[in-house]
Amino acid sequence: MTTIATPLNEEELYDAGRAARTQVPRSSQADYTPPPGRDPLGILRRQHENRLPYLVKLRVERMSASAFAFYRGTAAIQAADLAAAPNAGGEVVICGDAHISNFGIYRSPERTMVFDINDFDEAAVGPFEWDVKRMLTSVVLAGRSLGLGGSTLRSIVLSSAAMYRNSLRNALQSSLYGRYFRVTSLVDRRILSPDSERMIKRTIKESEKRTSERVASRTLEEGGEGLQFVENPPILTRLEPEIRVLVDEVFEAYRRTVPTNIALMLSQYRVLDVARRVVGVGSVGTRCFIIALGDPTGDVLILQLKEATQSVVQEFGGIPPVVGYLDPELLAEHQGYRVVGCQRILQAVSDPFLGYLSLEGLSFYMRIFRNRNASFEIADMNTTQFTEYAQACAIVLGRAHARSPKAQFVAGYIGTGGGFVRAASEWAHQYAAQAEADYATFVDAARAGHFE
């Protein structure tokens, strides 16, 4: 493992970031060069080796829907492509998969709706550029899916990059406490158009359907031994008996990793039933379950147990773990601990039910399922809504990066001008072309049966 090598104070960090421009000019961040021996399909096959075989076809099907859907499932390919790219040395806790569909709304423990990053399967300590470039490339691809192009799309990408720069800088002007706990409000009308306000209200309304209570009412029925999940293959399937008997043991191991108040609360629930459930695009094929818990009043709570594999930042990007961010012993033993730890760092307010465990050599993390979490439908956005949504994602990403010790280094490297903004935006357009070419190759390979 490497260690954090940082100057003693934030002013020195900022100066060190400025000095890094001589070694890694910001203009060098503009050019995408495919690495030698590049094999995107080989990377996907390698990922499929450890996934449930009967779900690989579904993953391929979901990724075949569009170039943007393909991009959502290929964080591993981008990590491999970025491994040899310019890196200024400003490592922070990164999302690792910061495309704009991995941002959304959810309900905080205080019952307020917040907007933040919502996927952390690939989160790790890594180069800040990787998150920025993945986000901006997703803006390009999503914008093209809406029919945007030319100067309009280039302006949106540039404004998003500038928003990241400004958000990071603004966050660093507040106290460390403020950086960690400032949430992104959905009701700040000073910066939103009427179109975006309508979009937000519509999404919040839709989120009212995404609750544990609703999942319970629609997927559970009375069986021979009480409430049981109703199968809906391949999305929802019952467990093999040998796995079902392990659930109580799994639940107790998980309870030992949550805060004391949550552990005491959960001790009063009993496990009603468990089922496999398919989620996402890139995650399809990993082991994922939902667990129905009953409390003494008859209420039902649904938790999600999801497999955590090694982050693509490390597995395909070759970035070694950095000492000083997460507990190295737990990190070596539990990939679920990595996911939970990074989520708590990157989000201003997180799910109190987050926990982790290991089972038969596999790592998992647990969270509440359907806590009014909802994503914004990019396909339904007009140009104004898409522009403001992309900027909002950039603002959240800047705030998330500001919580890491070397954030001032990043701010010093980026500066206040447009050098990095233009370079990262240009890289995003070049890499979007690469992703579209990869998508065409992928679709042809899928039709030829190469993933069966």
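Among residues at least two apart or in separate chains, there is no salt bridge (charged side-chain N to carboxylate O under 4.0 Å, His left out) pair with a member in residues 162-176.
The heavy-atom pair separating L136 from S425 by the smallest distance is CD1-N, 4.1 Å. Of all non-hydrogen atoms in A402 and A171, the two that sit nearest each other are CB-CB, 3.6 Å. The nearest pair of heavy atoms linking S404 to Y325 is OG-CE2, 4.0 Å. Counting all heavy atoms, side chain and backbone alike, A79 lies closest to V312 at CB-O, 3.5 Å. What you find for L301 and S212 is that their closest heavy atoms are CD1-OG, 4.0 Å. Residues F420 and E129 approach most closely at CE1-CG, 4.2 Å, considering heavy atoms.
Of the residues listed (T219, V230, V278), the one engaging L236 in a side-chain contact (heavy atoms from CB on, under 4.5 Å) is T219, and it is the only one. F251 pairs in a side-chain contact (heavy atoms from CB on, under 4.5 Å) with only one of the listed residues (L246, L293, L305), which is L293. In summary, of the residues considered (Q347, R179, R182), a side-chain contact (heavy atoms from CB on, under 4.5 Å) with R399 occurs for R182 alone.
At least one donor-acceptor pair under 3.5 Å links the side chain of Y413 to the backbone N or O of V24. Between the side chain of D195 and the backbone N or O of S193 there is no donor-acceptor pair closer than 3.5 Å. In this structure, R277 contributes its side chain and Q304 its backbone to no donor-acceptor pair below 3.5 Å.
Sparse packing is recorded around CD of E11, with 12 or fewer heavy atoms of other residues, nucleotides or ligands lying under 6.0 Å away. Enclosure of atom CD in E452 is not indicated, since only 12 or fewer non-hydrogen atoms of other residues, nucleotides or ligands lie within 6.0 angstrom. For CZ of R218, the number of neighbouring non-hydrogen atoms (other residues, nucleotides, ligands) closer than 6.0 Å is 12 at most.
Taking the centre and axis of the six-membered ring of Y71, the NZ or CZ atom of R134 falls inside the cone set by 45° and 6.0 Å.
Separating the OG1 atom in T286 from the CG atom in L52 is a distance of 7.5 Å, to the nearest 0.5 Å. Atoms OH and CD1, from Y106 and I368 in turn, are 13.0 Å apart once rounded to the nearest 0.5 Å. Here the CG atom belonging to L55 is positioned 8.5 Å from the CZ atom belonging to R276, to the nearest 0.5 angstrom. Here CG of L397 is found 8.5 Å from CG of L346. Values are rounded to the nearest 0.5 Å. Rounded to the nearest 0.5 angstrom, T137 OG1 and I100 CD1 are separated by 11.0 Å. In this structure, SG in C95 is found 13.0 Å from CD1 in I345, a value given to the nearest 0.5 Å.
L227 places none of its side-chain heavy atoms less than 4.5 Å from the side chain of E221. Using a 4.5 Å cut-off on side-chain heavy atoms (C-beta onward), V250 and F364 make no contact. When side chains are defined from C-beta on, V300 does not count as touching Y269, because their heavy atoms never get closer than 4.5 Å. Inter-residue side-chain proximity for R367 and L303 is flagged as unmet; no heavy-atom pair is nearer than 4.5 Å. Inter-residue side-chain proximity for I94 and V125 is flagged as unmet; no heavy-atom pair is nearer than 4.5 Å. R370 places none of its side-chain heavy atoms less than 4.5 Å from the side chain of R214. Looking only at side-chain heavy atoms (C-beta outward), S363 and E307 stay at 4.5 Å or farther from each other. Here the side chains of V258 and M366 are not in contact, with every heavy-atom distance at 4.5 Å or above.
A distance below 6.0 Å separates the ring centres of H401 and Y164. Ring centroids of Y365 and Y356 are separated by 6.0 Å or more, keeping the two rings apart. Taking the six-membered ring for Trp and the full ring otherwise, F181 and Y177 have centroids separated by under 6.0 Å.
For the 3.5 Å distance criterion, the side chains of S196 and E388 qualify, holding a donor opposite an acceptor. Checking T112 against E110 by side-chain atom types alone, no donor-acceptor pair falls below 3.5 Å. Looking only at atom types and distance, the side chain of E61 has no donor-acceptor partner in the side chain of S64 under 3.5 Å away. The closest side-chain donor-acceptor pair between K133 and Q78, if any, does not fall under 3.5 angstrom. Between the side chains of D81 and Y431, at least one donor N or O lies within less than 3.5 Å of an accepting N or O. Remark: the D121 side chain and the S283 side chain contain an N/O donor-acceptor pair separated by less than 3.5 Å. For the 3.5 Å distance criterion, the side chains of Q310 and Q335 fail to qualify, holding no donor opposite an acceptor. With no hydrogens or angles considered, a side-chain donor-acceptor pair links Q391 and S159 at under 3.5 Å. Side-chain contact of H334 with S358: a donor-acceptor pair under 3.5 Å is present, judged by distance alone.
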Going by atom type alone, with no hydrogens or angles, which donor-acceptor pairs under 3.5 Å involve a side-chain atom of residues 313-322 and a protein atom two or more places apart or on another chain?
none

Below 3.5 Å, can you tabulate the donor-acceptor pairs from side chains in residues 261-268 to any protein atom, sequence neighbours excluded?
residue, atom, partner, partner atom, Å
S267, OG, L264, O, 2.5
Q268, NE2, L264, O, 3.3

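When the ring-ring contact (aromatic ring centres under 6.0 Å, His included) test is applied to Y254, no partner is found at least two apart in sequence or on another chain. Checked against ring-ring contact (aromatic ring centres under 6.0 Å, His included), F451 has the following partners two or more places apart in sequence or in another chain: H48, F442. Listed by chain and residue number, D295 satisfy the side chain to side chain donor-acceptor pair (under 3.5 Å) test with T297 (two or more places apart in sequence, or in another chain).
The pair R255-E252 meets the salt-bridge criterion, with a side-chain N (NZ, NE, NH1 or NH2) lying under 4.0 Å from an Asp/Glu carboxylate O. D380 has no carboxylate O lying under 4.0 Å from a charged side-chain N of R202, or vice versa, which leaves the two without a salt bridge.
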